[in-house]
A.B. asks: 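Sharing a structure with you now.
Lettering follows sequence order; numbering is per chain, from 1.
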Number of protein chains: 2
Amino acid sequence: MQEELTPRQQMILNLVVREYVQSTVPVSSRTLVERYGLGISSATVRNELARLEELGYLTHPHTSAGRVPTPKGYNHFVERLLGEVELPLHERRTIAHQFYQARGDFDQWMPLAASILARTARGAALVTAPQPEQSRYKHLQLIATQGRLVLLVLVLRGGTVKQQMLNLTEPLDQQALSEASDRLNQLLSGLTASEIAARVHTLPPFEANVAELVIGIMERTDARPAGTVYRDGLSEVLQEPEFSEGEHAQGLIRVMEERSFLEAVLADALSPEVGSIRVLIGGEGRWDELRACSLVLGRYGVAGFATGALGVVGPTRMLYGRAISAVRFISGVLSEMVYEMYAE
Amino acid sequence: MQEELTPRQQMILNLVVREYVQSTVPVSSRTLVERYGLGISSATVRNELARLEELGYLTHPHTSAGRVPTPKGYNHFVERLLGEVELPLHERRTIAHQFYQARGDFDQWMPLAASILARTARGAALVTAPQPEQSRYKHLQLIATQGRLVLLVLVLRGGTVKQQMLNLTEPLDQQALSEASDRLNQLLSGLTASEIAARVHTLPPFEANVAELVIGIMERTDARPAGTVYRDGLSEVLQEPEFSEGEHAQGLIRVMEERSFLEAVLADALSPEVGSIRVLIGGEGRWDELRACSLVLGRYGVAGFATGALGVVGPTRMLYGRAISAVRFISGVLSEMVYEMYAE
DNA sequence: TTTTAGCACTCTCGTGTGGAGAGTGCTAAA
DNA sequence: TTTAGCACTCTCCACACGAGAGTGCTAAAA
């Protein structure tokens, strides 16, 4: 059994993947020699194709059809043949510019990132909001609305804003609420949920009540594996020929739509290391619904402070080069933004 | 030409719709008499079916197939035959309870509403966040992060929270920022964007700068036809047989995914009147992508203050009764919540 | 006038057949 | 080791055929 692929086998595998990705049609020995002017005959190519199939890098839909890469084939392509890819300079500039224009507008970042990622990688994009490893209190404001109903606005370190309603047993005016907010802000600044819990008993009764609520919000935030998920580009990807028949589309739609499924995939496939990129091809045996899909997943943010995930979903026959470079570049941009938010 | 349907025609149309919705199969005269024990022969039913087809309420996929309702048929069914429908008491109780449990947790309302609506109506659900007709300033807080970077948290009347980063030309400490916030809060409380613009020139330079930013945020908020759109249940609906072949699924996915398309449909189809429900069947000729889909749309909130939209999307062969009653009931629940938020 | 029985007619659907075309796998020679 | 040549296999398309489902029509019955 041959261990390593010969250089010519590597080249042919490379061409098969590129040609198939582009044409969506199983590729034959003849197209290969004609289209790429290899100086060898189709019979030779056929021998090599047969060898590559024996080794598990390619398959046959049926005897008299061309070759199609297997997940193993794609994997080898991504790991060994793709090389270092980067988005062209003008695209990087355009993307940076779009983020720059939205630099202040916090609420826009995530949808913008999803939209740019989808367009750049030509796939369906997923972005989760940055999530601190452990949330820390930054600022709180109690705002009177009507009667005994109060709006609590809690800002966590990193800029996450949470809101909650609370019902007072007796009405308090804005003046009193602001004073209580100020007291809490002085005492709790920079603390985690458990640190706050440790000193609740030192607070006056009303403030203690509010602090309990705050602890609840922070614990709930920390318990969630990922915040909101932003999506884009699903409908474009569903037009790809492999999804025209419902069956294969299911997996794709489930990753994009079902939160629990996405979280399971992320938890399983995504290393917590910021900057690393993981390519999951054809579900890797574990996710049968994703047999026809590949995912390119990355993590952005600042390790130890806050991180989020972003990814591209497409058919196994996807533009891995674009997807990987897009995920890498955009995750870099987002990491910088998170860094700015957390440095202090 | 016959103007009104005879009672028997009404009954037969009713049965055809119900049977087809349930079985997904074109319904024949024989199934009708057998399944529902009409006291008449299949030949008589066939005559009536032919008449209903002539009048445009039913069609034929082909000569020797059973009947399928046309959009006109569904429309008549919804308008005249469905009657007043309401969710069973225990479902209403369950739903009310779920909302009650999330009563304080503002951020949960919309995803919860989408999820409940999808499950109850057995369709794909869309919910837009309540959007005030004109936003009014309620509260602002400037929070120092690092150096000259400041987080601006703006609360609008009705509880909408917006955040924005700003870069100072010279650093200010939290003390100074809080004082500026307090001054702005006293001067701007309850004002609209244009009212704030009218008195910017009376403010000291730093506060004026912040006020300009606030105006920008508020104007952007008011310009958006709808806030964030919350979705749920798409993948379930896509399993319906009519969407198994890609073509028809496109329209459904576009409504759910493409913001601009959804906004166009909402603007066109949805009356601004709170509480009214609009049923859009088969795209009504205007939206060809929705040929195979129906929408049940409603508006909730408090007219003149803030309203949002919610809707169910499904195949034309959808459970109109459930969908309409679910939209009505949930829009009632949401309206109450909005009312609480705005009453002051 | 309305309803019904009966029957011919039409259309789908599954299956089978045959020919064209694409592409391979193998063999034997270069 | 490479290559030319050729048989073989499989898909795809078109066509045909019979079974089955359901209608539309006609003529008789209520």
A.B. asks: Cut-off 3.5 Å, side chains only: do B:E289 and B:Q250 have a donor facing an acceptor?
C.D. replies: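 No, no side-chain donor-acceptor contact under 3.5 Å.
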
A.B. asks: Kindly point out which of D:dT23, C:dC11, C:dT24 is positioned nearest to the side chain of A:S28?
C.D. replies: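 Of all the options, the side chain of A:S28 is nearest to C:dT24.
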
A.B. asks: When you measure from the side chain of A:T44, which nucleotide among D:dT9, D:dT2, C:dT24 comes out closest?
C.D. replies: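 Looking only at heavy atoms from C-beta outward on A:T44, the closest nucleotide is D:dT2.
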
A.B. asks: What does B:S29 touch in the nucleic acid at a heavy-atom separation under 4.0 angstrom: a base, only the sugar-phosphate, or nothing?
C.D. replies: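 Answer is sugar-phosphate: B:S29 comes under 4.0 Å of backbone atoms only.
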
A.B. asks: Does A:R30 contact C:dG23 through a side-chain donor or acceptor facing the base, at a distance under 3.5 Å?
C.D. replies: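 Side chain to base: no pair present.
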
A.B. asks: Can you tell me which nucleotide in C:dT4, D:dT3, C:dG25 comes closest to the side chain of B:N47?
C.D. replies: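 From the listed options, C:dT4 comes nearest.
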
A.B. asks: Quick one: A:E53 CD to C:dT24 P, roughly how many Å, whole number?
C.D. replies: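 Between P of C:dT24 and CD of A:E53: 10 Å.
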
A.B. asks: Tell me whether the rings of B:Y320 and B:Y74 are parallel (<30°), tilted (30 to 60°) or perpendicular (>60°).
C.D. replies: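 Plane angle between 30° and 60°, so tilted.
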
A.B. asks: Compare side-chain N and O positions of B:S64 against OP1 and OP2 of D:dG22 and report whether any pair is under 4.0 Å apart.
C.D. replies: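 Answer is no, no contact under 4.0 Å.
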
A.B. asks: Return the value, rounded to whole Å, for the distance between atom CG of A:L49 and atom C1' of D:dT3.
C.D. replies: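 About 15 Å, once rounded to whole Å.
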
A.B. asks: Who does C:dA30 pair with, Watson-Crick or G-U, both distances under 3.5 Å?
C.D. replies: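 With both distances under 3.5 Å, C:dA30 matches D:dT1.
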
A.B. asks: Base, sugar-phosphate alone, or nothing: which one does A:A65 contact when heavy atoms must sit under 4.0 Å apart?
C.D. replies: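 It contacts sugar-phosphate atoms only.
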
A.B. asks: Please state how far atom CD1 in B:I12 lies from atom C1' in C:dT3, giving the value in whole angstrom units.
C.D. replies: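 Atom CD1 in B:I12 sits about 13 Å away from atom C1' in C:dT3.
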
A.B. asks: Whole angstroms only, please: what is the CD-P distance between B:E54 and D:dG24?
C.D. replies: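 So the two atoms are 10 Å apart, to the nearest Å.
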
A.B. asks: Within this structure, what is the CG-to-P distance between A:L52 and C:dT24, rounded to whole angstrom?
C.D. replies: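 Interatomic distance, CG of A:L52 to P of C:dT24: 13 Å.
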
A.B. asks: For the side chain of A:R46, starting at C-beta, report the closest nucleotide among D:dC10, D:dT23, C:dC26.
C.D. replies: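 Nearest nucleotide to the side chain: C:dC26.
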
A.B. asks: State, with a plain yes or no, whether a side-chain heavy atom of A:L319 is found less than 4.5 Å away from one of A:R122.
C.D. replies: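 A:L319 reaches A:R122 side chain to side chain.
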
A.B. asks: Between A:R51 and A:N47, is there a side-chain donor-acceptor contact under 3.5 Å, judged purely by atom types and distance?
C.D. replies: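 Note: A:N47 and A:R51 side chains miss the donor-acceptor criterion.
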
A.B. asks: When A:V16 is tested against each of A:V68, A:V45, A:L49, A:T31 for side chain to side chain contact (heavy atoms under 4.5 Å, CB included), which residue passes?
C.D. replies: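 Result for side chain to side chain contact (heavy atoms under 4.5 Å, CB included) with A:V16: A:L49.
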
A.B. asks: Between P on C:dT24 and CG on A:L58, what's the gap in Å once rounded to a whole number?
C.D. replies: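 Taking atom P of C:dT24 as the reference, CG of A:L58 is at 11 Å.
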
A.B. asks: Counting only side-chain nitrogens and oxygens, does A:R67 get under 4.0 Å of the OP1 or OP2 atom of C:dG25?
C.D. replies: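 So the side chain of A:R67 is within the cut-off, an N or O lying under 4.0 Å from OP1 or OP2 of C:dG25.
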
A.B. asks: Just how far, in rounded Å, is P of D:dG24 from CZ of B:R51?
C.D. replies: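 These atoms are roughly 13 Å apart.
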
A.B. asks: Can a side chain N or O of B:S41 be found less than 4.0 Å away from OP1 or OP2 on C:dT3?
C.D. replies: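 No, because none of the side-chain N or O atoms of B:S41 sits under 4.0 Å from OP1 or OP2 of C:dT3.
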
A.B. asks: What nucleotide, of C:dT4, D:dT23, D:dT3, holds the atom closest to the side chain of B:A43?
C.D. replies: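 In terms of side-chain proximity for B:A43, the closest of C:dT4, D:dT23, D:dT3 is C:dT4.
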
A.B. asks: Hey, is the side chain of B:R8 poking within less than 4.0 Å of OP1 or OP2 on C:dT3, counting only N and O atoms?
C.D. replies: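 Checking C:dT3 against B:R8, a side-chain N or O does come within under 4.0 Å of OP1 or OP2.
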
A.B. asks: Given that both distances must come in under 3.5 Å, which nucleotide forms a Watson-Crick or G-U wobble pair with C:dT24?
C.D. replies: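 Its partner is D:dA7 (Watson-Crick or G-U wobble, both distances under 3.5 Å).
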
A.B. asks: Mind calculating the distance between NE2 (A:H62) and P (C:dG21) to the nearest angstrom?
C.D. replies: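 So the two atoms are 16 Å apart, to the nearest Å.
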
